[in-house]
Amino acid sequence: MEKQQPRLTWTFRPLRREDFDQLRAWLSDPVVARWWNHDTSDQGLERDFGPGIDGLEPGEDLLALHQDVPAGVVQRCRLADYPEYATALAAVLPLDPHAWTVDYLLGAAHRGQGLGSGMLRTAVDDLRHDHPEATELVVPVPAGNEVSWRLLESAGFTRVAEGDLDPDNPADPPLHYVYRLRLSPGRAAASVIRSTA
Ligand SMILES: CC(C)(COP(=O)(O)OP(=O)(O)OC[C@H]1O[C@@H](n2cnc3c(N)ncnc32)[C@H](O)[C@@H]1OP(=O)(O)O)[C@@H](O)C(=O)NCCC(=O)NCCS
């Protein structure tokens with residue numbers, strides 16, 4: 001008899017246009033909209049997520065599945081692929097050239113149950129697997145998003161800096177806490193990205 005494979009707790013796959021209805025529902029949820037500021041019209045979703053789906057953006061949008069059920073979104077990108085953002089962040093914390101960042105949301109059905117930490121830890125393992133050249137993950141979080149920075153701490157990240165960055169939500173003050181997880185030994189100090197400001 002064929003043995004059944006155990007279901008993996010968390011898996012990820014690239015976002016697809018067929019996920020847009022689910023994505024719209026998550027982004028319209030006030031708890032998510034508070035921190036992920038997106039236009040959820042058809043045109044808005046196409047503008048923000050379409051180029052990534054078509055491989056025209058360096059950043060990756062992943063659907064996170066919990067036991068095969070869509071549960072949320074993980075975005076990841078190499079910071080150097082977004083020079084303006086990397087330069088602003090480097091004013092707060094010098095970055096390795098192969099520094100990556102990650103962002104995440106969970107839909108209401110999966111949120112607030114302690115599941116976020118497992119999702120994030122698995123997302124880190126996936127990044128290590130898919131992009132072994134990544135040396136560190138650096139995540140700036142608005143100081144007011146305590147659930148998010150607690151989640152990072154529970155997934156093994158360390159707060160290494162704090163400073164002002166443009167908030168996604170203009171209603172927020174600029175103060176961000178910056179968290180880091182080393183993935184592999186960094187490069188020589190001479191090759192780090194530093195702000196020229
Ligand atoms: C951030 C998010 C993915 C966390 O997932 P989650 O499943 O809700 O998180 P958890 O239940 O694992 O809780 C994470 C931590 O926050 C703590 N926490 C939960 N509610 C809290 C609250 N209201 N205030 C402070 N801490 C809180 C938990 O105790 C846990 O900390 P611990 O591990 O030290 O006990 C989810 O809340 C979310 O999608 N939020 C909206 C989008 C967002 O903010 N994204 C991040 C942008 S920077």
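Read the numbers this way: they start at 1 and go in the same order the structure lists the ligands and their atoms.
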request  = Answer yes or no: does atom CG of D166 have more than 12 heavy-atom neighbours from other residues, nucleotides or ligands under 6.0 Å?
outcome  = no

task = Could you tell me which residues satisfy side-chain contact (heavy atoms from CB on, under 4.5 Å) with A123, sequence neighbours excluded, listed by chain and number?
result = F12, V74

request  = For the residue pair Y177 and E146, confirm or rule out a side-chain donor-acceptor distance under 3.5 Å.
outcome  = no

note = Applying salt bridge (charged side-chain N to carboxylate O under 4.0 Å, His left out) to E84 and not counting sequence neighbours gives none

I'd like the atom pairs linking ligand 1 to the protein - N or O on both sides, separation under 3.5 Å - with distances to 0.1 Å.
{"from": "ligand 1", "atom 1": "7 (O)", "to": "G112", "atom 2": "N", "distance (Å)": "3.3"}
{"from": "ligand 1", "atom 1": "7 (O)", "to": "G116", "atom 2": "N", "distance (Å)": "3.3"}
{"from": "ligand 1", "atom 1": "8 (O)", "to": "G112", "atom 2": "N", "distance (Å)": "2.9"}
{"from": "ligand 1", "atom 1": "11 (O)", "to": "G114", "atom 2": "N", "distance (Å)": "2.9"}
{"from": "ligand 1", "atom 1": "39 (O)", "to": "L106", "atom 2": "N", "distance (Å)": "2.8"}
{"from": "ligand 1", "atom 1": "44 (O)", "to": "N145", "atom 2": "ND2", "distance (Å)": "2.9"}
{"from": "ligand 1", "atom 1": "45 (N)", "to": "Y104", "atom 2": "O", "distance (Å)": "2.8"}

query = Atom CG of N145 and atom CG of D172: how far apart are they, to the nearest 0.5 Å?
reply = 8.5 Å

task = Linking directly or through intermediates, with side-chain heavy atoms under 4.5 Å: list the remaining ILVMFWY members grouped with F20, chain and number order.
result = L15, L23, W26, L27, V32, W35, W36, L45, F49, I53, L63, L65, V73, L105

